[in-house]
Amino acid sequence: MNNRLYGNLIFELSKEGRKGYSLPRNNYGDYQIPQELCRAEDAALPECDELTVVRHYTNLSNNNFGVDTGFYPLGSCTMKYNPKINEEIAALPQFQNLHPSQPGATVMGAKAVIAMLDEALCALTGLAHFTFKPYAGAHGELTGLMVIDNYHRSRGDLQRKKVIVPDSAHGTNPASAAVCGLEIIEVKSQADGQVDLDDLRRIVAELGAEIAAMMMTNPNTLGLFETQIPEIAKLIHDCGGLMYYDGANLNPMLGACRPGDMGFDVMHINLHKTFSTPHGGGGPGAGPVGVREGLQEFFPNVSPYQGNFGVMMRACAYILSLGRDQLKMVGPLATLNANYIKESLKDVYELPIDTTCCHEFVFDGLKDKSTGVTTMDVAKRLLDYGYHAPTIYFPLLFHESLMIEPTENESKETLDGFIEVMRKIAEEAKTDPELVKSAPHNTPIGRVDDVLAAKHPITTYKQMINDNN
Ligand SMILES: *Cc1c(COP(=O)(O)O)cnc(C)c1O
């Protein structure tokens, strides 16, 4: 591709003495910075004219792929459209310019927003109280597990240190339990993707008095609705444990059912997924934690402030602008779209669990394994056709996982376009496998070495110069 556009760093465009700014005249007299506070050498800043800066960053931004530029079917992440009204509301200066340390009496409007969101989330989940302090889903999990731990401690039930987690769980579940000082007990899944009740009964019979909680998500990580929640909740409650709901992806639940009604006691919600905040690249997020009546006294103090308020503003704007009746359509439409893609592709992609899914589903690579074309190759080839790749190699239950979540926002035409391309790639895998294996061909860079990039990230300009010398 065009190296002139993609290869340069802003530092390489720098020409000594070139400026893109002029400062206004200083009307306030001189201010001498004490010598000991001055830097000895000038900072290494690029010197560029305004047009160069504008072109540089505009070209960089054109390399970005976002939900505003194309279809983004990333499973387990709910890359739904972020309505622009959210941004307008979150940018209102009355809210945006608040300081986190302002006295409470001067931020009554912000408190009213949080109270409104609290009410909406309680109505949507069937739980009684939320804390808004956690900054992300995983932080919410930790907070929720601390609630559970505090609850058991308050009763002198100190031996309850084990958390049951299905083998299909999101990786953050066992990680959060470990960070909270709890021990993870894995319960198996059956071939149909549901929790194996016999295995759970065995665990409860053996360890009942030590069980702090069971962590689950429903629909589970395979995008399947767990039908045995009432039995599972009864088993766990009867042995003295609590039910934790990982509500990172609440999309299919909106308008369908509520975790509180299913027997869950504590949950977190990823506002940045289900309630439409842009969240690529690791943030910002918000992972409010909800609890059943009586458990709110066990909320730990995980942050001095009220979480990422901008995310809450967006979530509130989204909920209020959709309103009750439209919000009820989110789950059913997300489910319809996922099933439409699944049914349209299952003759060419391997569908290991062939049932009705919720908002997402998992293929296990191409059906025809003789071509040697892997899930990675399919994902890379999709980039050539202008689509973001689905989630790949997760969940870990299958070797060639390809996890697709279209969300409720996409039109039938968009879904049909994606289906056509997925079928075309399956055909290419047969007729010209090398073409798929060497993809992508149309992107600024080809396949990156993600292991090297993760183990040896180059994060500064100086480091890059040193590495190149
Ligand atoms: C995304 C996700 C999480 C983690 O949320 P973060 O905000 O990334 O910390 C936890 N559980 C599930 C099921 C998820 O999809």
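No hydrogens, no waters, no symmetry mates; every other heavy atom, side chains included, goes into these values. We count ligands from 1, going down the list as the structure has it; atoms in each ligand are counted the same way.
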Please confirm whether H268 comes within less than 3.5 Å of ligand 1 when only nitrogen or oxygen atoms on both sides are compared. no
Kindly determine whether V163 and Y244 satisfy side chain to side chain contact (heavy atoms under 4.5 Å, CB included), including the steps that lead there. CA-CA 10 Å; V163 176; Y244 184 92; over 6 Å; no
Of A286, G137, A248, A175, which has the heavy atom at the shortest distance from atom 7 (O) of ligand 1? G137
Sort out for me which residue in I232, I236, D246 forms a side-chain contact (heavy atoms from CB on, under 4.5 Å) with M216. I232
Is H139 touching ligand 1 with its side chain, its backbone, both, or neither, if touching means heavy atoms under 4.0 Å apart? neither
Can you name the atoms of ligand 1, numbered from 1 with element, that are less than 4.0 Å from a heavy atom of A136? 7 (O), 9 (O)
Flag T217 as yes when one of its N or O atoms lies below 3.5 Å from any N or O atom of ligand 1, and as no otherwise. no
Under 6.0 Å from the CZ atom of R447, do we count more than 12 heavy atoms belonging to anything else shown? yes
For Q190 and D192, which I'm curious about, is there any donor-acceptor pair between the side chains at under 3.5 Å? yes
Proximal ligand 1 atoms for N249, defined as those under 4.0 Å from one of its heavy atoms: 13 (C), 14 (C), 15 (O)
Are any side-chain N or O atoms of H152 and backbone N or O atoms of A213, one a donor and one an acceptor, separated by less than 3.5 Å? no
Backbone N/O of E400 and side chain of D364: donor-acceptor pair under 3.5 Å: yes
Residues T172, H170; criterion side chain to side chain donor-acceptor pair (under 3.5 Å); working and verdict: CA-CA 5 Å; T172 50; H170 195 267; 2.7 Å; yes
Can you list the atoms of ligand 1 that are under 4.0 Å from a heavy atom of T172? 3 (C), 10 (C), 11 (N)
Residue pair V266 / Y151, side-chain heavy-atom distance below 4.5 Å: no
Does Y340 reach the side chain of K412, with side-chain heavy atoms less than 4.5 Å apart? yes
Any donor-acceptor N/O pair, K342 side chain to T355 backbone, under 3.5 Å: yes
Specify the protein heavy atom at minimum distance from atom 13 (C) of ligand 1: its residue, its atom name, and the distance to 0.1 Å. D246 OD2, 3.3 Å
With heavy atoms under 4.0 Å as the rule, classify the contact between T221 and ligand 1 as side chain, backbone, both or neither. neither
H272 to ligand 1: N or O pair under 3.5 Å? yes
If you scan protein heavy atoms around atom 1 (C) of ligand 1, the nearest is K273 NZ, 1.5 Å
contact_flag G287 ligand 1 heavy-atom lt 4.0 Å: no
Among all the protein's non-hydrogen atoms, which is closest to atom 3 (C) of ligand 1, and how far away is it? H170 CE1, 3.5 Å
Is atom 15 (O) of ligand 1 close to the protein, meaning a heavy atom under 4.0 Å from it? yes
Which atoms of ligand 1 sit under 4.0 Å from any heavy atom of E141? 10 (C), 11 (N)
